[in-house]
Amino acid sequence: MTGHDTYRHKGLRNRLVQELKKKGITNNSVLDAIGKVPRHLFLESGFVNFAYQDKAFPIGAGQTISQPYTVAFQSQLLELEQGEKVLEIGTGSGYQAAVLMEMGADLYTIERQSELYKKTSRLLKRLGYNANFYLGDGYKGLPTFAPFDKILITAGAPFIPKDLLIQLKPGGSLIIPLGKKEQIMTKIVRLDENDFEQTEYGKCAFVPMLEGVVK
Ligand code: SAH
């Protein structure tokens, strides 16, 4: 793996942070994390020059790295506190995972495509991000490590996976882009054992959340 971080990259990141502020991201912990994570190292080398534009990009295996605004918006909705246990569904490039770890999350992340799982777990370790990586089907969550304070789905989910709801701590929340072709960004808070509250935050577009594992 090649690539390093330079002052030029830091400058570009600061510009991106300013752009996200203008677009309405206010949480300082989110903005600080975006200012720190070297996004250019998460893209295929041909796209390095685009790394700090507010756009989504292909990362191989037919998947994309989410747009920085989307990463920031989802991270902001999480209302993360230091040390909280977070489950991310859809490791992908690992960029969202790195942002959550910069924000102090104790992170568990699941990817269904073994190619991405291998590539990304290697990259994040090299960059010094120590997440708990799993190859598996996010619809099932990680029952062994439940409950979680927060769960973040980074693919478009056609329905609310019941297994994930029951892996939330009471008081915890699930952020889910909900819908088939188009999604509505949705936050579900588990008020207590059997009581959930759902709030919608507008339209978004993600690659689909699919079932099963691809070896
Ligand atoms: N968080 C990623 C976003 C990647 S796109 C990033 O920051 O780059 C969504 C990812 O979710 C893809 O890598 C896709 O393979 C994965 N995915 C889709 N359905 C899944 C499932 N059921 N379980 C785990 N991962 C899934």
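What's counted below: heavy atoms across the whole structure, side chains too, no hydrogens, waters or symmetry copies. First listed ligand is number 1; within each ligand, the first listed atom is number 1.
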In terms of residue, atom name and distance, what is the protein heavy atom nearest to [atom]?
atom	value
atom 9 (C) of ligand 1	Thr154 O, 3.3 Å
atom 12 (C) of ligand 1	Gln63 OE1, 3.2 Å
atom 24 (C) of ligand 1	Arg112 N, 3.5 Å
atom 5 (S) of ligand 1	Thr64 O, 3.2 Å

Would you confirm whether [X], through its side chain, and [Y], through its main-chain N or O, come within 3.5 Å as a donor-acceptor pair?
X	Y	result
Gln183	Lys180	yes
Arg112	Glu211	yes
Asn132	Leu107	yes
Lys55	Phe50	no
Asp54	Tyr69	yes
Glu84	Lys150	no

At under 4.0 Å between heavy atoms, which part of [X] makes contact with ligand 1: side chain, backbone, both or neither?
X	answer
Val71	neither
Ile59	neither
Glu88	side chain
Glu111	both
Gln113	side chain
Pro208	backbone

Give the numbers and elements of all ligand 1 atoms closer than 4.0 Å to a heavy atom of [X].
X	value
Leu116	13 (O)
Gln96	1 (N), 7 (O)
Leu210	18 (C), 19 (N), 20 (C), 21 (C), 22 (N)
Gly92	4 (C), 13 (O)
Ile65	8 (O)
Ile110	24 (C), 25 (N)
Val207	5 (S), 9 (C)
Ser93	6 (C), 7 (O), 8 (O)

Checking side chain to side chain contact (heavy atoms under 4.5 Å, CB included) between Val37 and each of Met101, Arg13, Glu102, which is the one that passes? Glu102
Can you tell which of Leu165, Ile153, Leu164, Ile184 makes a side chain to side chain contact (heavy atoms under 4.5 Å, CB included) with Ile176? Ile153
Taking only residues two or more places apart in sequence, or in another chain, which ones meet Glu19 in a side chain to side chain donor-acceptor pair (under 3.5 Å)?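 Counting only residues at least two positions away or on another chain, Glu19 forms a side chain to side chain donor-acceptor pair (under 3.5 Å) with Lys23.
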Between Phe73 and Tyr201, how do the two ring planes meet: parallel, tilted or perpendicular, split at 30° and 60°? perpendicular
Is the distance between the ring centroids of Phe57 and Tyr95 less than 6.0 Å?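 Ring-ring flag for Phe57/Tyr95: false, centres at least 6.0 Å apart.
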Measuring from non-hydrogen atoms of Thr91 to any atom of ligand 1, is the shortest distance under 4.0 Å? yes
Does some non-hydrogen atom of Met209 fall short of 4.0 Å from ligand 1? yes
Best match, Gly62, Gly90, Pro68: closest heavy atom to atom 10 (C) of ligand 1: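 That would be Gly90.
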Measure from atom 23 (N) of ligand 1 to every heavy atom in Gly212, Gly156, Gly138 and give the option owning the shortest one. Gly138
Side-chain H-bond candidate by donor/acceptor type, Tyr52 with His40, under 3.5 Å: yes
Which ILVMFWY residues are connected to Val189, directly or by a chain of links, through side-chain heavy atoms under 4.5 Å apart? Leu191
